[in-house]
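Each chain gets a letter, A, B and so on, in the order the sequences are listed, and its residues count up from 1. Keep in mind that the numbers below use all heavy atoms, side chains included, and drop hydrogens, waters and symmetry copies.
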Amino acid sequence: MTLPPDEHDLHAWMDGEADAATSARVERYLAENPEATAQVDGWRRDAQQLRQAMHHQAVALDIPDPHFLRRRVRQQRQ
Amino acid sequence: MSQLTDGEIRQVMPHLQRFALWLTRNPHSAEDLVQSCLTKALIRQPPNEDAHSLRAWLFTILYRQFIDGERRRKRYMKLLTFFTGEEALGYSTESLAIADDTLAQFATLPTDYRAILLLVSVEGLSYKEVAETLDIPPGTVMSRLSRARKLLHEKLEGKATPLPLRRLK
């Protein structure tokens, strides 16, 4: 019998970082464990919520002009 | 030596600004941080790869600058506290106004957690890139991410009543 995946495996799987063997193990485990599935779904929802919130709250900062930056670099070098 | 182009700078700007803003949680400090990051980047050789790795490279520079700045700031605060006998406040009076509840909860997470969640869940960096950017071992990426997601989830679930617009001090 194979060991159940640990929490790190679940995160890696969710982020597409798990190798084929781990992925298969995680998917088998999730199919049999609704609680773990709910946990992973929760993390996924949080991440999506965070992404959406960040897209909606646009960053309103001053944007430095590339020319200004290059001039600054040249001045620093002198 | 091929340098960052204006187009590349413009393209990466929103990402750098977002990372800087959520590291510092202060618009002024974020602007300064982005500027010093790009000034550093302009005297170096960028990776000859795609836009994604260019972004990861710039995140790395920005994060180092942030850490250096924090060290200096803490030393300065210690000195100030020593001489005045009072606990010195970290940042300028200007603070970040957050209307969105999710972001308000996110803002209360420790800096390390904000950084890793932003890089993985928002920017879509690989664990390897995150390890390089934050200068931590791959194992730490895993455990930190795991703790960060757990805490964020508790905060997002735990918020019973939506809070009004607030300012971070």
**Item:** chain A contact via B/Leu118 - side chain, backbone, both or neither, heavy atoms under 4.5 Å
**Value:** side chain
**Prompt:** Given that the side chain runs from C-beta out, which part of B/Val122 has a heavy atom under 4.5 Å from chain A: side chain, backbone, both or neither?
**Reply:** both
**Request:** For the residue pair A/Met14 and B/Arg149, establish whether any side-chain heavy-atom pair is separated by less than 4.5 Å.
**Result:** yes
**Request:** Give, as side chain, backbone, both or neither, the part of B/Tyr127 having an atom under 4.5 angstrom from any heavy atom of chain A.
**Result:** both
**Prompt:** Checking heavy atoms, do the side chain of A/Arg70, its backbone, both or neither come under 4.5 Å from chain B?
**Reply:** both
**Message:** Could you measure the distance from the CG atom of B/Asp100 to the NE2 atom of A/His56? Nearest 0.5 Å is fine.
**Reply:** 9.0 Å
**Message:** Between A/Gln48, A/Arg51, A/Gln52, A/Arg44, who has the most heavy-atom pairs with chain B when the cutoff is under 4.5 Å?
**Reply:** A/Arg51
**Message:** Show the nearest heavy-atom pair for residues B/Ser36 and A/Arg72, with the distance to one decimal.
**Reply:** CA-NH2, 4.4 Å
**Request:** Counting only heavy atoms closer than 4.5 Å, note whether B/Met13 contacts chain A via side chain, backbone, both or neither.
**Result:** side chain
**Request:** Give the member of B/Leu38, B/Thr39, B/Val120, B/Leu152 that has the highest number of heavy-atom pairs under 4.5 Å with chain A.
**Result:** B/Thr39
**Asked** Of all heavy-atom pairs between A/His8 and B/Ser143, which one has the smallest distance, and what is that distance?
**Response** NE2-CA, 3.6 Å
**Item:** Heavy-atom pairs under 4.5 Å with chain A, option from B/Gly124, B/Gly139, B/Ser126 with the top count
**Value:** B/Ser126
**Request:** With A/Asp46 as reference, evaluate B/His153, B/Glu157, B/Lys155 under the side chain to side chain contact (heavy atoms under 4.5 Å, CB included) test and give the passing residue.
**Result:** B/His153
